[in-house]
Amino acid sequence: MASMNMIQALNNALDITLASDPDTLIFGEDVGYFGGVFRVTDKLQEKHGLTRCFDAPISEGGIIAAAIGMGAYGLRPVVEIQFADYILPAYDQLVSEAARLRYRSGGEFWAPLTVRSPYGGGIFGGQTHSQSPEAIFAHITGLKTVIPSNPYDAKGLLIAAIECDDPVVFLEPKRIYNGPFDGRPDQAMKTWAGHKDAEVPEGHYTVPLGKAAITRPGSEVTVLAYGTMVHVALSAIEESGLDAELIDLRSIVPLDIDTIVASVKKTGRCVIVHEASRFSGFGAELSALIQERCFYHLKAPIGRVCGWDTPYPHAFEWDYFPGPARIIRALNSAMEN
Amino acid sequence: MASMNMIQALNNALDITLASDPDTLIFGEDVGYFGGVFRVTDKLQEKHGLTRCFDAPISEGGIIAAAIGMGAYGLRPVVEIQFADYILPAYDQLVSEAARLRYRSGGEFWAPLTVRSPYGGGIFGGQTHSQSPEAIFAHITGLKTVIPSNPYDAKGLLIAAIECDDPVVFLEPKRIYNGPFDGRPDQAMKTWAGHKDAEVPEGHYTVPLGKAAITRPGSEVTVLAYGTMVHVALSAIEESGLDAELIDLRSIVPLDIDTIVASVKKTGRCVIVHEASRFSGFGAELSALIQERCFYHLKAPIGRVCGWDTPYPHAFEWDYFPGPARIIRALNSAMEN
Amino acid sequence: MPDKTRLQLYIPKPQARPGEPVNFDGLVVPEAGSVRRPDPLGCEADMRDMPFSLVRVLDEGGHAVGPWAPDVSPDLLRKGLRAMLQTRLFDDKLFRLQRQGKTSFYMKSTGEEAIGAAQSLMLGQGDMCFPTYRVLSWLMARDYPLINLVNQLFSNEKDPLKGRQLPVLYSARDYGFYSLSGNLGSRFGHAVGWAMASAYRNDDKIALGYVGEGTTAEGDFHEALTFAGVYHAPAILCVTNNQWAISTFAGIANPRDTTFAAKAIGYGIPGLRVDGNDFLAVCAATQWAAERAHANLGSTLIEFFTYRAAGHSTSDDPTKYRPVDEPVHWPLGDPIVRLKTHLITIGEWDEARHDALTAELTEEINAAVREGEAVGTLGKSKPPVAEMFEGVFKEPDWRVIEQRKELGI
Amino acid sequence: MPDKTRLQLYIPKPQARPGEPVNFDGLVVPEAGSVRRPDPLGCEADMRDMPFSLVRVLDEGGHAVGPWAPDVSPDLLRKGLRAMLQTRLFDDKLFRLQRQGKTSFYMKSTGEEAIGAAQSLMLGQGDMCFPTYRVLSWLMARDYPLINLVNQLFSNEKDPLKGRQLPVLYSARDYGFYSLSGNLGSRFGHAVGWAMASAYRNDDKIALGYVGEGTTAEGDFHEALTFAGVYHAPAILCVTNNQWAISTFAGIANPRDTTFAAKAIGYGIPGLRVDGNDFLAVCAATQWAAERAHANLGSTLIEFFTYRAAGHSTSDDPTKYRPVDEPVHWPLGDPIVRLKTHLITIGEWDEARHDALTAELTEEINAAVREGEAVGTLGKSKPPVAEMFEGVFKEPDWRVIEQRKELGI
Ligand SMILES: Cc1ncc(C[n+]2csc(CCOP(=O)(O)OP(=O)(O)O)c2C)c(N)n1
Ligand SMILES: Cc1ncc(C[n+]2csc(CCOP(=O)(O)OP(=O)(O)O)c2C)c(N)n1
Ligand SMILES: [Mg+2]
Ligand SMILES: [Mg+2]
């Protein structure tokens, strides 16, 4: 066991994978010599060699296309897209190719690639370094989408993603790379040191895709969150004084529907939290699924606390970010009814 | 008034616009001399000249990028993407550029382009000529998305879209270009001749974006649909014998929330129908909105009848397509509770 | 400051539209054998003239001439002829069957058969081709079972792709034929990635990618070439310039003054421009590029200059957008006739054998069609509906399991 | 069949990394004045040598020599010098302010100031530049109010972009400066579309697009050039090859054997390769391309060969990935020093005036910063929060109206 922040945990997962599986390789913009703009691939080139971890042209579509071809050959590429906002130029490759290859070829070819990408807001990154595009992946049949919220999960989920034979979009909430963030920007920055989920086994382990975690058990209301918002929600719950059950989805495809439904049937109330803008966001699917499956158990409308339906605005970061105050309001409103 | 099918109505809308506004121009793959693979731009080049309606390279990203630049200059470009499945290579241009230009530039620049694209299934087009990607547009702040269901609306909505100062994705359900389709492939093809919504005024008119139509008033259950599914749902309603209210959304952004909420508050029951795959599809947002706003009026879970969560499969078109039988089952299940 | 005249928007037009006389003026066709053959192991910078010439081997009399004349056996040539003829006959048959409603869709490769056939025979079994929908002759040259094609075209119970994919969008891994899709260009980069993987693994396999000339306008084309150039990917990247992209002429993809092969220059890789209707020239260029790739010198871009003699697909009528007699005036001839003439010229073929071959192939095709018809044609037979739900992921998740139940299967 | 050796994956490496001696070997720098100047109205096919040379005007002694020496007034040169110096001083100041937390982010254009400044002065008021984040000198050359820059950089109440956009991603329509965004390359095609619109309207305006050499790898770059070539768009399309893309050297975007300017050849447009640290060469090339565009002959691709002397942004430390002394060894010198020397050489400038100018500009910048600080720096002041909800569409829809209420503003 070692105490690691999320960057170290991810780096460690990649290091272990490169060491144990010669069919894995890493490429992406600035990931080679420099070790990535967020340092997730730090020292991997030095340690494992030039062809195992190398720089790619600024061509997200080209990166994912090459990775699909490598996957079809029999490798297991792990690529980094420097910011999730910049996956969009490669969206067609992900949707029309990676996600569809196995199905359309009758199982002759498949693309076991992992697309890692720093994701989400809270770092004053403005419009194009803050977005949370998970919904546009969740809708795509054939793609898996994983979003860890802590170092332990980050490592275990990343290894699981790489070992998975399906294409996985692995979104890393950059705001919590270095420490958990409870949505209170005015308070001092925390590091991961001392956090229970920062205790990371040094060897190989996996956290299965499709299994949610109950971050905080509770009885009065269910809160669904992932990524950074797990910490924000937890802090809001604590402040609210409510006995809320907080579920960290960990992967949104596959989705752990059983854990969600069991919880909402128990509590009868639910609040969904995500950073992405609300309209047609992933919270909508969660809400729809729950009302379909728990209709007769619901005591109050399912609430959604999300980014507003505007682009991500630089100066208004904390007006936009769905912080604890808005979550508490939603919790109270769920309890009122 | 003339009786027109949808292709003729769309062609007529473009013809009128080219004639009246010198700042409009049309380009896209095969739209020039040939008049488009579905003939929507037939004769427009001949009539209005080479620079008003011309062929573009096979480069969806390039087409939309050029259109944005033209829009920024002061033109009002109308581009065709040959199939909605092929908008994906241009997704970044739509999302990161067209949809964000006005906001990020503080209103200095904007992109009043209209992206027309044949859309949806039911023509044995297989995976890449059948998809319904509306959800990935609906989630994008700054984009409008319009889906007509008949010739009258098609013309009026298209003129409104072109005249709109925001970027509009205009999805044309190709299965109903030549006639309404009620989801029963075994029955003889119908044409638009004689259909009340095929009576199209010859001159300029608009159908406002953001205003739904009540295709069939009713009291027992609300059915929400758009595009081809309006006809399929209507046929299912008729067969069911239920007094269902059928709402044709016509545009999903902006969404006519008032009409939807008023109807569901009245009926207490709701079934949502779309061709796109279910998970994180646009039906999820509709379901979430309704349960948020009509929770205390709902007598039964909101149902969703959608494409399955698989790619669009060629040989299984009619197993995949959400036809009348599945809609009737959902209606009955909404009534049972 | 320059004098500012009023600008005008230029929209290119093809040289002839229906009703106008066919016009191939400006098309410069060098004599067969007249173009130099650089050392395949040479430096790219010394080959920048190649994209502006046209490599041709077969002369008017059917002789193989000049430095590009490849050292290929008559056997290989006969195999090529057979594959091309098979493709032509199969296309004609299936086109008619589509008109009868037995398949939903069909696309011919008439006039372009030399390319896939020659490349299929020149490359090794383990090499991988990343095809377009117009490279059926690759499969024919490798004896892909006709019945597989027919079953997929009929979308019947025995469809090897399980009813999930359109007709003509084949996948045949064991025959070095990567999964096709409707999206244009999006597999060009896969070819490069596959080739990089082969190099990464110190394997000896190379990749072959194809796009149509119209498709070169996609960003994917550029991204693939960038990767190919930067990482010296052992790939042969081909542009099939058949002059048309549905109704759109090649001038809407690239100005007439340059060539598709010339795009190579900007990526630091050699570009060859080759007569695509000349089976021997295709062999020679492929061999040249393969030798270079195997020597770890990376990719070559080859423009095959050819002509799409038929319509784009069963969905269009080419006489609506080009002169009805344009195909017959194509200056580079018919690839089947040219190879046949060559074989006869060198004494390795004759009209009688040709007729016998035609009859034999026709019967093979008819037999395969009959066998497929017995299984069922479009709508009369289909794979088990459960196949709709399989293969989304390696293992089905709860959504498709539930939905399959909902559908009652 | 070629001999099959085992393949190896090639990964390019820069000539020097930290700790290694700086190495610019292989960089061929032709004498100033030695490269021919083709007729700007000439045929593209006759200019295919240009991408492989380097247009330079200023020689070692500060003289403007050769056929490219432009006919520009000393006044224009002094304006250019002023804009470049202003940019340099502003960059230094703001970089320090970022370190103090007064802005969230900053990017310098040190070493590349000649490009935007010269082009801004050579082009007309109605022309439109589609910038990257490294073309601040364009705005400086057009006297864009410094206070606007400062207010945006501080994201304060008077931010002209209303708090919605990152610092450095300016938009200044009236100054011919199109809205910047964080996405690389995605506005290159807008420049082409804008130019096509100008031609469509029979206007006389031309467009200027920029990308970094790293960004040429994006599909957008290729798609823009394809449109530019096909429709003869009146645009000047520039690649600023400053050798680095964050930590990645130019060889990861294009092999060393070719040039970025050579990409033009594949699109049928002229490609020029120009010393980007030579203000006069930039003027001359811009004038050449503008003349061609105005004559309805379409686009030119210009590679400006330059060097990013500073780090990529405030977020990186360049000594982590390149030799610490690489910038000072850049063989093409400092564009400000070179222009200053030229002006002194021709008797139109002197050290005293230079010092006075430096002092004047420094004071202007300090004044603007003080003014901006008085309004407020990052987090201390911001535009009205209602601006967050405006401008999503032309008219707000019910969602933002409701959400604004929910936020209580
Ligand atoms: C991404 C994408 N855009 C558009 C289409 C529609 N489309 C199918 S074939 C075709 C023409 C292709 O022309 P070319 O690349 O020259 O190939 P050819 O058909 O001549 O072999 C078009 C536009 C498509 N299939 N995919
Ligand atoms: C689409 C996209 N991908 C990646 C990035 C991250 N990024 C920002 S700047 C940069 C390097 C750009 O290099 P270059 O084009 O050479 O321009 P320079 O910074 O040298 O001026 C990268 C990779 C981005 N902003 N947008
Ligand atoms: Mg073609
Ligand atoms: Mg650079």
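Proteins get letters first, then strands, A, B, ... in listed order; numbering begins at 1 in each. Values reported hereafter were calculated over all heavy atoms of this structure, with side chains retained and with hydrogens, waters and symmetry mates removed.
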So, the part of C:V392 with a heavy atom under 4.5 Å from chain A: the answer is both
*A:G283 backbone acceptor or donor facing A:R304 side chain under 3.5 Å*: no
The interface call for C:E402 against chain A, heavy-atom contacts under 4.5 Å, is side chain
Scored by heavy-atom pairs under 4.5 Å with chain A, the best of C:D397, C:T226, C:D203 is C:D203
If one checks every heavy atom of A:A67 against chain C at 4.5 Å, the contacting part turns out to be neither
Which class fits the ring pair A:Y226 and A:H274: parallel under 30°, tilted 30 to 60°, perpendicular over 60°? tilted
| Does the ring of C:F130 carry C:R187 above it, NZ/CZ under 6.0 angstrom from centre and within 45° of its axis? | no
If one checks every heavy atom of A:I63 against chain C at 4.5 Å, the contacting part turns out to be both
Whatever's closer than 4.5 Å to a heavy atom in chain A on C:K394 counts as both
Greatest number of non-hydrogen atom pairs under 4.5 angstrom with chain C, of A:P167, A:G74, A:A56, falls to A:A56
Would you say that A:V146 contacts A:V207 through its side chain, given a criterion of any heavy-atom pair below 4.5 Å between the two side chains? no
Exercise. Do the ring planes of A:F54 and A:F27 sit parallel (below 30°), tilted (30 to 60°) or perpendicular (above 60°)?
Worked result: parallel
Under 4.5 Å to a heavy atom of chain A? For C:Y178 that would be both
Looking only at C:S186, C:A195, C:A233, C:G189, most heavy-atom pairs under 4.5 Å shared with chain A are made by C:S186
Inset, instruction - On the 0 to 90° scale, with breaks at 30° and 60°, tag the C:Y170-C:F177 ring pair as parallel, tilted or perpendicular. - result: tilted
ask   = Aromatic rings A:F83 and A:Y86: how do their planes relate, parallel, tilted or perpendicular, breaks at 30° and 60°?
value = perpendicular
Applying a strict 4.5 Å limit to non-hydrogen atoms, the region of A:E108 in contact with chain C is both
Give a yes or no on whether A:K266 atom NZ has more than 12 heavy-atom contacts from other residues, nucleotides or ligands under 6.0 Å away. yes
Okay, C:F393 and chain A: the region with an atom under 4.5 Å from a heavy atom over there is both
Pair count under 4.5 Å, heavy atoms only, with chain C: among A:G61, A:P22, A:A99, highest is A:G61
Ion pair check, C:E390 and C:R404, cut-off under 4.0 Å: yes
Bottom line for A:I140: the part with an atom under 4.5 Å from chain C's heavy atoms is neither
- Query: Taking the side chain as C-beta and beyond, is there a heavy-atom pair between C:F221 and C:V239 under 4.5 Å?
  - Reply: yes
Counting heavy-atom pairs under 4.5 Å with chain C, the top scorer among A:D258, A:T141, A:D165, A:D92 is A:D165
Of the listed C:A199, C:G182, C:A172, the one with the largest count of heavy-atom pairs under 4.5 Å with chain A is C:A172
Honestly, the part of A:A111 sitting under 4.5 Å from a heavy atom of chain C is neither
| task | In plain terms, say whether C:D159 and C:R164 are close enough for a salt bridge, that is, a side-chain N and a carboxylate O under 4.0 Å apart. | result | no
Okay, C:L180 and chain A: the region with an atom under 4.5 Å from a heavy atom over there is backbone
